[in-house]
Amino acid sequence: MKTLGLIVNPIAGMGGSVGLKGTDGEDTPQRALTLGAEPQADKRAYEALSIIGKAMPELPLVTCAGRMGEDTARSSAMTAHIIEGVPQDGASTSSADTRRAVLELQRLGVDLLLFAGGDGTARDICDALRTDDFASVELPVLGIPAGVKMHSGVFAVTPRKAGETALHFLNDHAAELADAEVMDIDEDAFREGRVSATLHGYLKTPMGGDGVQATKSGTAPTDSQATEDIARQVVADMTDDTLYIIGPGTTMDAIARALGVTNTLLGVDVVENGKLLATDATEHDLLRLTDGRSVKVIVTVIGGQGYIFGRGNQQISPRIIRRICRENIIVVATAGKLRALDGRPLLVDTGDAALDEELSGYIRVVTGYREYHICRVSC
């Protein structure tokens with residue numbers, strides 16, 4: 001029987017709902033908690049691990065102490081061997097703890113390293129394992145998506161898919177592995193509305209089926225006219241006395257320009273009757289503004305991946321989406337961006353499995369002026 005290694009980054013994803021764009025930075029996790037953020041990584045790790053534990057209850061599991069894996073293992077009723085001294089002080093965690101844990105799990109010979117975190121955690125794992133620049137490492141690694149951005153190709157589509165993909169790999173000695181890009185961005189620049197992405201290397205990741213997400217891709221320069229046409233259509237369709245929540249992205253930037261307002265390129269904004277009511281809104285802001293109001297939300301498709309919820313727009317939380325209702329969700333994307341998905345569906349990963357199922361099905365996507373596509377949404 002193969003052995004599973006588990007690392008949970010307990011602070012991953014906490015900056016999403018409160019608009020911090022991530023948790024990099026020494027003071028960011030505390031700031032997120034002060035703003036009302038709630039830890040998410042343990043819940044998402046549990047969702048993946050419970051699938052594995054139910055199918056393979058005797059599976060050998062090696063993990064870190066406390067919030068870095070032990071707590072999740074206990075809640076999923078799996079018996080785990082605990083690495084000593086990680087996290088080092090037994091309470092707070094750091095990137096150094098992640099790197100130490102990775103090297104210990106590698107030394108112990110785990111067959112698959114499953115981790116819950118975001119791009120920063122993937123970067124730490126990659127840095128710990130590689131010996132040469134951009135050389136892929138042999139230890140198979142699979143990410144449970146628990147961060148804010150997750151541009152890398154090492155993550156499963158959802159926590160449930162992470163559990164299913166890991167289970168398939170652990171049961172199949174001939175399971176396919178592929179080099180997956182590990183990308184990360186400068187979060188300080190990201191918070192200022194600038195995207196500075198860096199390729200850190202490659203990790204061997206279990207493939208097969210539709211369980212693993214693609215690496216995020218940017219908007220093609222040739223799509224600039226298409227985004228202007230989309231913006232023209234969206235603005236023409238807007239109704240009076242309705243709040244519009246506008247998600248992040250370059251297509252949203254075109255909509256803001258068409259309205260004549262200054263938006264937050266990588267945040268969430270709110271407009272009504274052509275006027276800006278809120279910029280870089282948090283989940284709390286959205287709950288306050290939408291209470292008892294007529295509301296619609298405009299989101300775009302993450303290039304190369306297909307996500308419309310759950311990647312970079314966690315401020316638009318399950319509580320917000322339930323207030324809005326499915327029929328008031330406006331999805332926009334250029335035809336080129338949809339073609340690049342090569343037939344793969346649009347994706348949702350809100351953190352609420354029941355809501356993800358409700359959002360699945362078919363939805364109309366605005367692709368230009370008086371142009372629409374019908375696309376399938378999956379989770």
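What you are looking at is a predicted structure, and each value in this text was computed from that prediction instead of being measured.
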How many angstroms lie between atom CG of Leu203 and atom CG of Leu177, to the nearest 0.5 angstrom?
-> 11.5 Å
From Thr350 OG1 over to Glu357 CD, what is the distance, rounded to the nearest 0.5 angstrom?
-> 10.5 Å
State the CE-OG1 distance between Met1 and Thr3, to the nearest 0.5 angstrom.
-> 9.0 Å
Side chains of Asp97 and Ser94: do they bring a donor and an acceptor to under 3.5 Å?
-> yes
Hphob cluster co-occupancy, Val268 + Leu277, side-chain heavy atoms under 4.5 angstrom | yes
Check whether any side-chain heavy atom of Thr242 sits under 4.5 Å from a side-chain heavy atom of Asn328, and report yes or no.
-> no
Using a strict 4.0 Å threshold on nitrogen-to-oxygen distance, state whether Asp285 and Arg288 make a salt bridge.
-> yes
Between Leu346 and Leu341, is a side-chain contact (heavy atoms from CB on, under 4.5 Å) present by the stated rule, with each step listed?
-> CA-CA 9 Å; Leu346 305 184; Leu341 293 175; 3.8 Å; yes
Report the C-alpha separation of Thr300 and Lys337 in whole Å, then their side-chain angles, then the decisive distance to 0.1 Å, and conclude whether the side-chain contact (heavy atoms from CB on, under 4.5 Å) test is met.
-> CA-CA 10 Å; Thr300 191; Lys337 187 177 282 188; 4.0 Å; yes
Inter-residue atom distance Glu228.CD - Ile255.CD1, 0.5 Å rounding | 10.0 Å
Kindly work out whether a path of hydrophobic side-chain contacts (I/L/V/M/F/W/Y, heavy atoms less than 4.5 Å apart) joins Val365 to Ile324.
-> yes
Return the minimal non-hydrogen interatomic distance between Asp111 and Phe169, and the atom names on each side.
-> O-CE2, 3.5 Å
Check the side chains of Thr250 and Asp253 for a donor-acceptor pair under 3.5 angstrom, ignoring hydrogens and angles.
-> no
Validation: residues 291-299 side-chain donor-acceptor distances under 3.5 Å, sequence neighbours left out:
residue, atom, partner, partner atom, Å
Arg293, NH2, Glu272, OE2, 2.3

Hits for side-chain contact (heavy atoms from CB on, under 4.5 Å) against Thr158, two or more places apart or cross-chain, chain-then-number order -> Arg160, Lys161, Asp349
Could you tell me whether Arg44 and Glu47 make a salt bridge, using a distance below 4.0 angstrom between a side-chain N and a carboxylate O?
-> no
Do Asp124 and Asn9 pass the side-chain contact (heavy atoms from CB on, under 4.5 Å) test, and can you show the C-alpha distance, the side-chain angles, and the key distance before you say yes or no?
-> CA-CA 11 Å; Asp124 291 336; Asn9 178 357; over 6 Å; no
Compare every heavy atom of Ser152 with every heavy atom of Gln305, then report the nearest pair and how far apart it is.
-> NE2-O, 4.2 Å
Could you go step by step and tell me if Val8 and Asp71 meet the side-chain contact (heavy atoms from CB on, under 4.5 Å) rule?
-> CA-CA 10 Å; Val8 177; Asp71 294 348; over 6 Å; no
Quick one: does Gln314's side chain get under 4.5 Å of Gln40's, heavy atoms only?
-> no
Between Arg319 and Glu283, is there a side-chain N and carboxylate O pair less than 4.0 Å apart?
-> yes
Nearest 0.5 Å please: distance from the CZ atom of Arg123 over to the CG atom of Leu199.
-> 13.0 Å
Side-chain donor/acceptor of Thr205 to backbone N/O of Val141, under 3.5 Å | yes
Heavy-atom closest pair (Leu142 atom, Ala166 atom, distance to 0.1 Å) is CD2-N, 3.9 Å
Between CG on residue Leu243 and OG1 on residue Thr290, distance to nearest 0.5 Å = 7.5 Å
Are any side-chain N or O atoms of Gln213 and backbone N or O atoms of Pro145, one a donor and one an acceptor, separated by less than 3.5 Å?
-> no
Using side-chain contact (heavy atoms from CB on, under 4.5 Å) as the criterion, list what pairs up with Tyr372, not counting sequence neighbours.
-> Gln233, Asp237, Arg364, Val366
Report whether Tyr46 and Leu6 are members of the same hydrophobic cluster (ILVMFWY, side-chain heavy atoms less than 4.5 Å apart, transitive linking).
-> no
Any side-chain donor near an acceptor of the partner, Asp42 and Thr72, under 3.5 Å = no
With the side chain counted from C-beta on, respond yes when Lys2 and Leu112 share a heavy-atom pair under 4.5 Å apart, and no when they do not.
-> no
